[in-house]
Amino acid sequence: MNIQLPYDNSELNVQYLLAKNTELNTASSMITVCFLVMLFIMYNTSKTVINSYKSKNLQLQYILNLLNQVYKLDLDLSDLSKLINTLEDQADELESESESESESDTGSADDENIADTNETINLMVTLDNNSRRVLRSNTKHLSDSNLVIKGKGWKLD
């Protein structure tokens, strides 16, 4: 390897090489310090996030234990996947019971609800005990949408 040095004098070349070596050491030290500072910041951030999640997890476990004691649910809190499956099954059973009760109570109410969804919303204004206005709707809606469009040829894309 033939390296060209900037000076013809050997002493100046040695000083030049020492200066370049010092410059390289300084730059690598700065990069190392920046890396260590970033590593320290990331470690502290992750540590606070983990501690926050741990405290929320402990609070949620305490709430589950209290709910289990108050409502006497007889839940096994040691296995979370089994607990989730049990609660989902109970929620599905409650939902199916409420649907079967509502179907048996309202036989022809579906036709009325379909007609009500096409009507405009009429709001009653009443005053309660504190003289505040309370707005209530006269109609019941099956959908969550408040958008009522009337007319021929209207399409939503």
Can I get a per-line list of side-chain donor-acceptor pairs under 3.5 Å for residues 52-59, giving both atom names and the distance, sequence neighbours left out?
{"from": "Ser55", "atom 1": "OG", "to": "Asn51", "atom 2": "O", "distance (Å)": "3.4"}
{"from": "Ser55", "atom 1": "OG", "to": "Ser52", "atom 2": "O", "distance (Å)": "2.8"}

Give the table of side-chain donor-acceptor pairs shorter than 3.5 Å for residues 10-20, with sequence neighbours excluded, one pair per line with atom names and distance.
{"from": "Asn13", "atom 1": "OD1", "to": "Tyr7", "atom 2": "N", "distance (Å)": "3.1"}
{"from": "Asn13", "atom 1": "ND2", "to": "Tyr7", "atom 2": "O", "distance (Å)": "2.7"}
{"from": "Asn13", "atom 1": "ND2", "to": "Asn9", "atom 2": "O", "distance (Å)": "3.3"}

Notebook entry, point to check: Is it the case that more than 12 heavy atoms not belonging to Asp8 sit under 6.0 Å from its CG atom?
Noted result: no
Next item on the list: Could you work out the complete set of other residues in the hydrophobic cluster of Tyr62, with links drawn between I, L, V, M, F, W and Y side chains under 4.5 Å apart?
Entry: Leu66
Notebook entry, point to check: Using links of under 4.5 Å between side-chain heavy atoms of ILVMFWY residues, direct or through other members, which residues join Met42 in one cluster?
Noted result: none
Determine all donor-acceptor pairs shorter than 3.5 Å in which one atom belongs to a side chain in residues 23-40; sequence neighbours excluded.
{"from": "Asn25", "atom 1": "ND2", "to": "Asn21", "atom 2": "O", "distance (Å)": "3.4"}
{"from": "Thr26", "atom 1": "OG1", "to": "Thr22", "atom 2": "O", "distance (Å)": "2.8"}
{"from": "Ser28", "atom 1": "OG", "to": "Leu24", "atom 2": "O", "distance (Å)": "3.2"}
{"from": "Ser28", "atom 1": "OG", "to": "Asn25", "atom 2": "O", "distance (Å)": "3.0"}
{"from": "Ser29", "atom 1": "OG", "to": "Asn25", "atom 2": "O", "distance (Å)": "2.8"}
{"from": "Thr32", "atom 1": "OG1", "to": "Ser28", "atom 2": "O", "distance (Å)": "2.8"}

Donor-acceptor contacts under 3.5 Å from residues 82-90 side chains, at least two apart:
{"from": "Asn85", "atom 1": "ND2", "to": "Ser81", "atom 2": "O", "distance (Å)": "3.3"}
{"from": "Thr86", "atom 1": "OG1", "to": "Lys82", "atom 2": "O", "distance (Å)": "2.8"}

